[in-house]
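Beneath this line is the structure, given in structure tokens, with notes to follow.
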Amino acid sequence: MSEATQSMLTAESAEELLRQVFPGASVAEVIKRTGGEINTVFEIRCAPPTEPVIVKIYGERWRWKQEKEIHVYRLLEQHDVGPAPRILHSQDEQGPLGQTLTIMTKVDGVPLSAVKGDLPDADVRSVYRQLGACLARVHGIAQGSFGYLTTQIHDPEPTNSAYMRRQFDKKLAEFTALGGDPALHAAVKARLVERVGLFQHCSGAVLCHNDFHDGNVLVAEQPGGWAFTGFIDVENAIAADPLVDLAKADYYALLSDPARRQAFYEGYGPFRPMRRSASRSIASTTPWSSGTGSPPSARLIRCRGSRTTSGA
């Protein structure tokens, strides 16, 4: 199967794949899933007793991410953190169908982003408490240094201060290259210089999901109400200060709703006042990039107490 035909996974080819994991599997349906921006994702439904699985096919440019996802999901499994997909099988392009792919368990539920507007307030608060508690467990997985994570930490930095300085320099350079406002660049840089001492209060790196937003967490309706059922998409995982994860989650999922934010942090648990100050500083100055190489829509970035719109 070439990359051009990734979207045409048939029941017959899916069954060929699954029988490497479940020899008696009989495929009933193949469903192309939404949400795979750079890879192709399918849900494979089988006749009982075989449970549904997910097949993720990696385009040639992104094959290196397969090893990263396998490493991170197995790390989560080793530490009993989840629910998250469990890796069942993987292969490179030399395997059946000629594609680099991974077969993993399917986490039940629908993306929170698809239903949160329809949930009762009490269920919303409960779900966000569960999300905070889950992210705290992820952050319980210590890492040896700070840096980008694949199957190891690339270009590791020994301290949070060194890593965060490097990341700010990198992201501000990208911001400028994408046509960002020079005045905002200068203001963010000045804010960083002013508050850079806060980074030293993180003594060690932890596993950070780095994309823990409503589109990557799943929920389902249960007898007692809607509940968190798991999370997905660890392609952006890093080894870093847990406040990087919290600041990004706050910016993308919590900023517009104080009730959600309160419930999330109730679930996450307490952290020291100095660390809370660092979290606010990170959230107010980081020019988040889109992660796909194209400029996202205008972002509202807080800087020195004022609000400025930028294309970062």
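All residue numbers refer to positions in the sequence shown, counting from 1.
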Donor-acceptor contacts under 3.5 Å from residues 130-145 side chains, at least two apart:
unit_1 : atom_1 : unit_2 : atom_2 : d
Gln130 : OE1    : Phe228 : N      : 3.2
Gln130 : NE2    : Ser126 : O      : 3.2
Gln130 : NE2    : Ser126 : OG     : 3.1
Arg137 : NH2    : Gly82  : O      : 2.9
His139 : ND1    : Tyr268 : OH     : 2.8
His139 : NE2    : Asp245 : OD2    : 2.9

Rounded distance (nearest 0.5 Å) linking atom [atom1] of [X] with atom [atom2] of [Y]:
| X | Y | atom1 | atom2 | answer |
| --- | --- | --- | --- | --- |
| Trp64 | Glu69 | CH2 | CD | 10.0 Å |
| Ile232 | Phe212 | CD1 | CZ | 11.0 Å |
| Ile103 | Phe42 | CD1 | CZ | 12.5 Å |
| Ile54 | Ile31 | CD1 | CD1 | 9.0 Å |
| Ile57 | Arg63 | CD1 | CZ | 11.0 Å |
| Leu184 | Phe175 | CG | CZ | 4.0 Å |

Trace of the side chain to side chain contact (heavy atoms under 4.5 Å, CB included) decision for Leu243 with Phe199: CA-CA 10 Å; Leu243 294 188; Phe199 295 141; over 6 Å; no
Please tell me if the side chains of [X] and [Y] come closer than 4.5 Å, counting only heavy atoms from C-beta onward.
| X | Y | result |
| --- | --- | --- |
| Leu101 | Leu17 | yes |
| Glu51 | Lys106 | no |
| Val27 | Thr50 | no |
| Leu88 | Phe22 | yes |

Under-4.0 Å salt bridge between [X] and [Y]:
| X | Y | result |
| --- | --- | --- |
| Glu67 | Lys65 | no |
| Asp214 | Lys116 | yes |
| Lys189 | Glu194 | no |
| Glu174 | Lys171 | yes |
| Asp250 | Arg260 | no |

Counting distance only, does the side-chain N/O of [X] pair as donor-acceptor with the main-chain N or O of [Y] below 3.5 Å?
| X | Y | result |
| --- | --- | --- |
| Arg19 | Ala25 | yes |
| His154 | Thr150 | no |
| Gln91 | Thr102 | no |
| Thr229 | Leu218 | yes |

Sequence-distant partners of Arg166, side-chain hydrogen bond (donor to acceptor under 3.5 Å, both in side chains), two or more places apart: Glu157
State, without any angle test, whether [X] and [Y] hold a side-chain donor-acceptor pair at a distance under 3.5 Å.
| X | Y | answer |
| --- | --- | --- |
| Gln200 | Ser161 | no |
| Tyr73 | Lys68 | no |
| Gln66 | Asp92 | no |
| Asn236 | Asn210 | no |

Begin from the C-alpha positions of Glu235 and Lys56 and carry the test salt bridge (Lys or Arg N to Asp or Glu O under 4.0 Å) through to its verdict. CA-CA 12 Å; Glu235 290 183 359; Lys56 188 168 187 177; 2.7 Å; yes
Dump the intermediate steps for side chain to side chain contact (heavy atoms under 4.5 Å, CB included) on Val30 and Thr10, then the final yes or no. CA-CA 7 Å; Val30 177; Thr10 65; over 6 Å; no
Applying the 4.5 Å side-chain criterion to the ILVMFWY set and letting contacts propagate, would Met104 and Val234 be lumped into a single cluster? yes
